[in-house]
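All remarks here apply to the structure that follows.
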Amino acid sequence: MGELRGTHVPVLLERCLELLAPALDRGGRTVHVDATLGLAGHAEAVLERHPDTVLVGLDRDTEALAHARVRLARFADRIHLEHAVYDELPEVLERLGYPAVDGVLFDLGVSSLQLDAPDRGFAYAQDAPLDMRMDQTRGVTAEEVVNTYAHPDLARVLRVYGEEKFAGKIASAIIRERERAPITSSARLAELVRESIPAPARRTGGHPAKRTFQALRIEVNRELAALETALPAALDKLNVGGRMVVLSYHSLEDRLTKQALADRVRSKGPVDLPVELPGSGPTFRLLSRGAELPGEAEVAVNPRAASVRLRAAERLDPTAGQQGRTDRERYRRRVKAMHQPGTGSTPGSTVEPGATPGDGSGTDEEGEGT
């Protein structure tokens with residue numbers, strides 16, 4: 001395995017622990033999934049804080065798994081470290097005999113180990129072979145993508161996954177260069193990208209190759225396709241009261257996370273019914289309003305946290321959710337009745353104590369982070 005390469009500071013560690021604690025401190029054994037184990041900084045802290053929690057750690061990077069296994073060796077009797085992508089979570093849990101879990105953490109994007117390893121090809125600031133595979137045992141490399149994709153496909157990858165405005169120009173430059181000789185170097189690719197972007201655009205937004213390297217990494221590792229499958233699968237596996245926390249590092253990841261959670265926190269039944277129809281109520285509640293951002297102190301200690309966006313949700317008891325909907329509808333009907341002619345009521349009339357419209361009972365508008 002060799003020496004650990006690079007440094008690892010877990011992003012938003014204390015906030016993640018705070019959000020997961022109610023789900024993992026419920027008495028008896030609980031199960032927590034770290035779907036992106038990496039160098040196990042978050043996982044180690046969870047195991048230290050929760051001595052009755054079993055960890056299921058997933059990672060596609062065999063080098064990261066090896067380091068994590070050493071780091072977590074003292075917890076060997078309550079960890080399962082699996083070589084798997086996070087969209088394989090249902091199969092992993094079935095094999096381990098866990099029908100449901102209590103906590104799930106996704107810390108998305110590229111890990112410190114991968115960024116700091118010059119031979120992996122993730123970093124545009126270091127010359128290396130164009131690999132970019134998180135799992136070096138399988139899959140196509142960035143070199144294969146750059147040297148074999150047709151212009152429309154290459155431009156699409158850069159535009160969609162990198163949100164690159166100059167995707168067409170960059171793709172054309174790559175095609176011209178590879179006709180002379182294959183592109184095998186991350187430094188050469190970064191230079192091609194820089195030359196393809198107009199000078200005024202190069203002066204802002206960081207390194208000109210940042211978006212291209214992000215796009216290629218996402219394409220090589222099928223990150224968004226896997227995430228689109230993994231998020232709803234993880235939500236489905238949570239027990240009532242279980243919690244999921246997601247750390248995203250660019251808008252595409254955050255958008256998929258927001259969509260997956262939005263689908264679970266809203267009612268699917270008619271709004272004018274006094275009760276929820278069976279199976280139509282919200283199954284989760286958000287734990288913060290929108291995405292939480294890192295504070296200045298966090299970014300000062302760990303600059304790689306600058307772009308993080310945190311979202312979290314908790315699985316609801318469907319019976320409690322139905323009662324909350326019933327209470328809200330009763331209140332609305334009382335208010336509506338007070339304003340009807342002949343009721344003898346005025347807009348200043350009072351209602352029963354405890355039946356306030358802003359109590360937040362069963363709603364998904366408010367969260368713990370507000």
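Hydrogens, waters and symmetry mates are skipped; everything else that's a heavy atom, side chains included, is used. Here, residue 1 is the first one in the sequence, and each next residue gets the next number.
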| field | Donor-acceptor pair, side chain of Arg78 and main chain of Leu47, under 3.5 angstrom | value | yes
| field | Trace of the side-chain contact (heavy atoms from CB on, under 4.5 Å) decision for Leu231 with Val246 | value | CA-CA 9 Å; Leu231 289 172; Val246 182; 4.0 Å; yes
| CG of Leu65 to CG of Asp61: how many Å apart, nearest 0.5 Å? | 7.0 Å
| request: Please report the shortest heavy-atom distance between Arg133 and Gly139, naming the atom on each side. | output: CD-O, 3.5 Å
| Does Arg178 use its side chain to pair, donor to acceptor, with the backbone of Val146 at less than 3.5 Å? | yes
| task | Could you tell me whether the side chain of His83 and the main chain of Arg60 form a donor-acceptor pair under 3.5 Å? | result | yes
| said: Please tell me whether Glu163 and Ser251 have a donor and an acceptor in their side chains that are separated by less than 3.5 angstrom. | reply: yes
| said: For a 4.5 angstrom cut-off between non-hydrogen side-chain atoms, does Thr137 reach Thr62? | reply: yes
| query | Can you hop from Tyr86 to Leu96 via hydrophobic side chains spaced under 4.5 Å? | reply | yes
| task | Quickly, which of Leu12, Thr36, Leu108, Asp254 forms a side chain to side chain contact (heavy atoms under 4.5 Å, CB included) with Leu247? Name it, please. | result | Leu12
| Which atoms form the tightest heavy-atom contact between Leu55 and Ala43, and what is the distance? | CD2-CB, 3.7 Å
| field | Heavy-atom pair with the smallest gap, counting every atom of Leu316 and Pro282 | value | CD1-O, 3.8 Å
| task | Nearest 0.5 Å please: distance from the OH atom of Tyr161 over to the CD atom of Gln214. | result | 11.5 Å
| query | How about Phe106 and Ser248: do any of their side-chain heavy atoms sit closer than 4.5 Å? | reply | no
| task | Indicate yes or no for a side-chain donor-acceptor contact from Arg315 to the backbone of Leu235 under 3.5 Å, with no hydrogens or angles considered. | result | yes
| With a 4.0 Å cut-off, would you call Glu253 and Arg311 a salt bridge? | no
| said: Tell me every residue that passes side chain to side chain contact (heavy atoms under 4.5 Å, CB included) with Arg138, counting only those two or more places apart in sequence or in another chain. | reply: Val85, Glu88, Asp135
| Same hydrophobic cluster for Leu286 and Val240, using side-chain heavy-atom links shorter than 4.5 Å among ILVMFWY? | no
| query | Could you give all pairs that pass the salt bridge (Lys or Arg N to Asp or Glu O under 4.0 Å) test and reach residues 144-155, with sequence neighbours left out? | reply | none
| task | Name all residues meeting the side-chain hydrogen bond (donor to acceptor under 3.5 Å, both in side chains) criterion together with Glu228; count only those two or more places apart in sequence or in a different chain, and write none if there are none. | result | none
| request: Output all residues satisfying side chain to side chain contact (heavy atoms under 4.5 Å, CB included) with Ala306, sequence neighbours left out; order by chain, then residue number. | output: Val299
| query | Looking at side-chain heavy atoms only, is the closest gap between Phe284 and Met244 below 4.5 Å? | reply | no
| For Arg222, all residues meeting side chain to side chain contact (heavy atoms under 4.5 Å, CB included), sequence neighbours excluded | Asp87, Ala225
| Are side-chain N/O atoms of Asp34 and His42 paired as donor and acceptor at under 3.5 Å? | no
| Which atom pair, heavy atoms only, marks the closest approach of Ala167 to Ala155? | CB-O, 3.5 Å
| field | Shortest non-hydrogen contact from Val11 toward Cys16 | value | O-SG, 4.1 Å
| field | N-O pairing of Arg194 and Glu191 below 4.0 Å | value | yes
| Considering only heavy atoms from C-beta outward, does the side chain of Val54 approach that of Tyr98 to under 4.5 Å? | yes
| Okay, side chain of Arg243, backbone of Gly241: is any donor-acceptor separation there less than 3.5 Å? | no
| task | Tell me, please, which residues at least two apart from His151 pass ring pair (Phe, Tyr, Trp, His ring centres under 6.0 Å). | result | none
| task | Taking Asp59 for its side chain and Ala64 for its backbone only, find out whether a donor-acceptor pair lies under 3.5 Å. | result | no
| At what distance, to the nearest 0.5 angstrom, does CG of Asn147 lie from CG of Leu154? | 9.5 Å
| message | Can you list everything that forms a salt bridge (Lys or Arg N to Asp or Glu O under 4.0 Å) with Arg69? Sequence neighbours excluded, please. | response | none
| task | Please tell me if the side chains of Leu256 and Leu224 come closer than 4.5 Å, counting only heavy atoms from C-beta onward. | result | yes
| said: side-chain contact (heavy atoms from CB on, under 4.5 Å), that's the test. Do Leu37 and Leu58 meet it? Break it down for me. | reply: CA-CA 6 Å; Leu37 184 65; Leu58 279 61; 6.0 Å; no
| Separation of Leu158 CG from Lys169 NZ (nearest 0.5 Å) | 14.0 Å
| said: Less than 4.5 Å apart, side chain to side chain, heavy atoms only: is that true for Val104 and Leu238? | reply: yes
| query | Residues two or more places apart in sequence or in another chain: which of them pass side chain to side chain contact (heavy atoms under 4.5 Å, CB included) with Asn239? | reply | Arg26, Ala100, Asp102
| request: Identify the two heavy atoms, one from Leu72 and one from Ile79, that lie closest to each other, and give their separation to 0.1 Å. | output: O-CD1, 3.7 Å
| So how far is it from Ser288 OG to Leu19 CG, rounded to the nearest 0.5 Å? | 7.5 Å
| With ring centroids as reference points, do Phe213 and His207 lie under 6.0 angstrom apart? | no
| Residues two or more places apart in sequence or in another chain: which of them pass salt bridge (Lys or Arg N to Asp or Glu O under 4.0 Å) with Glu164? | Arg211
| said: Donor-acceptor check, side chain of His250 to backbone of Leu252, threshold 3.5 angstrom: yes or no? | reply: yes
| If two hydrophobic side chains count as joined below 4.5 Å and joins carry through other members, does Ile183 share a cluster with Ile175? | no
| query | If you measure from OH on Tyr249 to CZ on Arg309, what distance do you get to the nearest 0.5 Å? | reply | 11.0 Å
| His50 and Asp25: side-chain contact (heavy atoms from CB on, under 4.5 Å), yes or no, with the steps? | CA-CA 7 Å; His50 305 285; Asp25 279 337; 2.8 Å; yes
| If you draw a 6.0 Å radius around CZ in Arg29, do more than 12 non-hydrogen atoms from other residues or ligands fall strictly inside? | no
| said: Applying salt bridge (Lys or Arg N to Asp or Glu O under 4.0 Å) as the test, list every pair that has at least one member in residues 293-303; sequence neighbours left out. | reply: none
| task | Inspect the contact between Arg188 and Glu177 and indicate whether a charged nitrogen and a carboxylate oxygen are less than 4.0 angstrom apart. | result | yes
| Going through the checks in order, is the side-chain contact (heavy atoms from CB on, under 4.5 Å) test met by Val101 and His32? | CA-CA 6 Å; Val101 301; His32 173 64; over 6 Å; no
| message | So, using salt bridge (Lys or Arg N to Asp or Glu O under 4.0 Å) as the criterion, who are the partners of Glu91 when residues are at least two apart? | response | none
| task | Kindly write out the residues that satisfy salt bridge (Lys or Arg N to Asp or Glu O under 4.0 Å) with Glu82, not counting sequence neighbours, or none if the list is empty. | result | Arg95
| request: Salt-bridge test for Glu292 and Arg15: reply yes if a basic N is under 4.0 Å from a carboxylate O, no otherwise. | output: yes
